[in-house]
Every structure is written in C-alpha cells, then in structure tokens.
Amino acid sequence: MKKIAVILSGCGVFDGSEIYESVLTLLRIEQNNAQYQCMAPDIEQLHVINHLNGDVAEGESRNVLVEAARLARGDVLDLSTANAADYDALIIPGGFGAAKNLCDFAVNGAQCEVNEIVASFTQEIHKAGKPVGLICIAPAMTPLLFGEGTQCTIGTDTDTAAAIEAMGGQHQICPVDEMVIDTEKRVVTTPAYMLAESISEAASGINKLVDAVIEMA
C-alpha cells in the first residue's frame, strides 16, 4: 500500500492549513486505497488569527505542530523526525499557513525563503524521484523547492503568479477543477481555494491532484 506524507502548517485558513483542503486530501488518499501520515514542523506560527473577525490575536502564540494535531486527530509527526525514505509521495495542502509558517511568502513575496526543515524533507522526496503535490498557495514555494523552470499554478491571481515567475517558476493559468503537472519535475499543483467558492469546487481539483500523485508514486 502506498504511503503519502502530508505536511500541515497549523490549523485554520488564515494562520495554518486550510481545513477543508486538508481533510479533502486525506479523504481522497484513503479512497485511493493508500495511507497517509500527517506531519508538521515544530515551530511557532507567524501569528494567530481570530477566525471569527479576521483580527490578529495580539499577545497569543501557537505552535504549528500542536495546531496540526487538531487536524490529524493527534496522529502527527514532528517533521524533523520524519524519514523521506518511508514515503512514496508528498502532498502539501494550502491555507495561509503554507505562506506564513512553511515559508515567508506572505511577508516577503518573491524574496521569500522556505523553512529549512520543510525544504530538506521535500527535496529528499523530490531527489528520490517521488511525486509532490501542492495545493492552493503552497505552489508559491515550487521555484525554491524544485528549481527554476518548474511549472505550477495558483490559479489566476496575477500578483502571486508574477512573484512565482520572479523566483524562476513557470506559472500556468488553471481553473479550479483542473491541475498542472510538471512531468519532468514530477510536481502537481491545483488552485483549490485560490479560486474555489465552495467545498465542492475545491474538491474537484484536489481529487484530481491526489489521484495523479498516487498514480505517479
């Protein structure tokens, strides 16, 4: 049975992993008769957002690994202890946590850097020829993770696409129910909630991405 690593960035669309995207990913992995293992870096979030009103919760701090455990029902690994050799593929759901905690794209745009632990694990998977799927805003990391010329999509947002191009990526416009596959790099991306207006729309592209990643694994 194929085993898929899933890197989470917390819990909650505005400061962690997008919950619907994450759950849809896990569900589709199981529907493909594969296994998943959630994992997250043991670091502090950039900040905490009150999801009721959208304000920053001043003076409050949360840990990405601890918050990811909410999504994983407690079954989550510290990413620094995970062994890439144990997995056949990797998927990274979106949510602002991917751009705030896994990297600093939300703050620094095209001058961003990826968290060292996230980069190390992802690149080990990639160097072994295993496929990687990135959802929503997570594809903003693709040029830094997989090198210049990597094909990817975040949908149709021109500013984000321009930043990806400035980092050396090749952005492709893509509708919510489709995906972009870089066959040479074995990288699969889909817009999800960069475009989706409902959970069903998000699922349409995520299901295709998960199916493709598992088929490639």
Side-chain angles (χ1 to χ4, degrees), residues 5-22 24-25 39-41 43 45-47 49 64 68 79 89-123 125-126 131-176 178-182 184-196 202 205-206 208-210 212-213:
V6 179
I7 295 180
L8 301 176
S9 58
C11 181
V13 57
F14 298 125
D15 56 14
S17 286
E18 212 293 322
I19 294 172
Y20 292 173
E21 291 179 358
S22 302
L24 288 167
T25 297
M39 53 193 69
I43 57 175
Q45 293 183 185
L46 174 65
H47 55 211
I49 297 293
V64 171
L79 183 58
L90 166 65
I91 298 177
I92 306 178
F96 280 104
K100 293 178 177 179
N101 304 325
L102 303 186
C103 70
D104 58 3
F105 182 81
V107 177
N108 293 320
Q111 285 71 50
C112 73
E113 296 181 353
V114 179
N115 173 276
E116 290 184 5
I117 298 171
V118 174
S120 176
F121 183 87
T122 303
Q123 289 168 349
I125 291 279
H126 176 63
V132 180
L134 302 101
I135 298 167
C136 190
I137 191 61
M141 296 185 285
T142 54
L144 302 182
L145 292 172
F146 311 113
E148 291 189 5
T150 304
Q151 299 175 39
C152 67
T153 189
I154 46 79
T156 60
D157 184 85
T158 55
D159 290 341
T160 306
I164 290 172
E165 295 272 351
M167 289 188 285
Q170 290 186 10
H171 181 267
Q172 296 186 16
I173 293 173
C174 179
V176 68
E178 289 296 338
M179 60 183 169
V180 168
I181 302 178
D182 186 319
E184 180 182 350
K185 299 286 183 71
R186 297 174 65 78
V187 173
V188 188
T189 54
T190 193
Y193 273 103
M194 290 294 288
L195 290 177
I206 290 172
K208 288 181 179 179
L209 177 143
V210 174
V213 168

### Task
Could you check if a side-chain atom of Leu144 sits within less than 4.5 angstrom of a side-chain atom of Cys112, using non-hydrogen atoms only?
yes
### Query
Hey, does the side chain of Glu21 reach the backbone of Gly94 with a donor-acceptor pair shorter than 3.5 angstrom?
yes
### Ile135: which of Val210, Ile92, Ile91 passes side chain to side chain contact (heavy atoms under 4.5 Å, CB included)
Ile91
### Task
Starting at CE of Met167, measure out to CD of Glu148 and round the result to the nearest 0.5 Å.
11.0 Å
### Query
Just one of Thr189, Val180, Ile154 clears the side chain to side chain contact (heavy atoms under 4.5 Å, CB included) bar with Cys174, so which one?
Val180
## Note on the structure
To the nearest 0.5 Å, atom CD1 of Ile206 lies from atom OH of Tyr20 at 12.0 Å
### Task
Would you check if Thr160 and Phe105 make a side-chain contact, meaning some heavy-atom pair closer than 4.5 Å?
yes
#### Entry: Heavy-atom pair of closest approach, residues Met179 and Lys208
SD-O, 3.4 Å
### Task
Could you pull out the closest heavy-atom pair between Pro41 and Val64, with the gap in Å?
O-CB, 3.6 Å
### Task
Please report the closest heavy-atom contact between Val132 and Leu134, naming both atoms and the distance.
CG1-CD1, 3.9 Å
### Query
CG/Asp157 to CD1/Ile164 distance, rounded to the nearest 0.5 angstrom?
9.0 Å
### Query
Does the side chain of Thr153 reach to within under 4.5 Å of the side chain of Pro139, using non-hydrogen atoms?
no
### Query
Where is the tightest heavy-atom contact between Lys185 and Gly147, given as atom of each residue plus distance?
NZ-O, 3.8 Å
### Query
Rounded to the nearest 0.5 Å, how far apart are CZ of Phe146 and CD of Gln151?
13.0 Å
### Query
Can you list the residues that meet the side chain to side chain donor-acceptor pair (under 3.5 Å) rule with Thr190, with sequence neighbours excluded?
none
### Task
Kindly compute the distance separating SG (Cys136) from CG (Leu195), expressed to the nearest 0.5 Å.
9.0 Å
### Query
Going by heavy atoms in the side chains, are Ile7 and Thr122 under 4.5 Å from each other?
yes
### Task
Using atom types as modelled and distance alone, determine if a side-chain donor or acceptor of Lys100 lies under 3.5 Å from a backbone N or O of Gly95.
no
### Task
Please test Leu145 against His126 for side-chain contact (heavy atoms from CB on, under 4.5 Å), starting from the C-alpha separation and ending with a verdict.
CA-CA 9 Å; Leu145 292 172; His126 176 63; over 6 Å; no
### Query
Short question: side chain of Asn101, backbone of Gln45 - any donor-acceptor pair under 3.5 Å?
no
### Query
If every non-hydrogen atom of Ala192 is compared with every non-hydrogen atom of Val176, which pair is closest and at what distance?
O-CG2, 3.6 Å
### Query
Are the side chain of Thr150 and the backbone of Pro143 linked by a donor-acceptor contact shorter than 3.5 Å?
no
### Query
Any side-chain heavy atom of Pro93 sitting closer than 4.5 Å to one from Val6?
yes
### Message
Determine whether a donor-acceptor pair (N or O, by modelled atom type, separation under 3.5 Å) exists between the side chain of Ser120 and the backbone of Ile117.
### Response
no
#### Entry: Validation row: Pro131, Val188 side chains within 4.5 angstrom (heavy atoms)
no
### Closest non-hydrogen atom pair between Ala110 and Ala166, with its separation
CB-CB, 3.9 Å
### Task
Could you check if a side-chain atom of Ile137 sits within less than 4.5 angstrom of a side-chain atom of Met194, using non-hydrogen atoms only?
yes
### Task
Can you establish whether the number of heavy atoms outside Glu113 located under 6.0 Å from its atom CD is more than 12?
no
### Query
Can you list the residues that meet the side chain to side chain donor-acceptor pair (under 3.5 Å) rule with Gln111, with sequence neighbours excluded?
none
### Message
To the nearest 0.5 Å, what is the distance between CD1 on Ile43 and CD on Glu116?
### Response
11.0 Å
### Message
Measuring only between side-chain heavy atoms, which start at C-beta, is Phe121 closer than 4.5 Å to Leu90?
### Response
yes
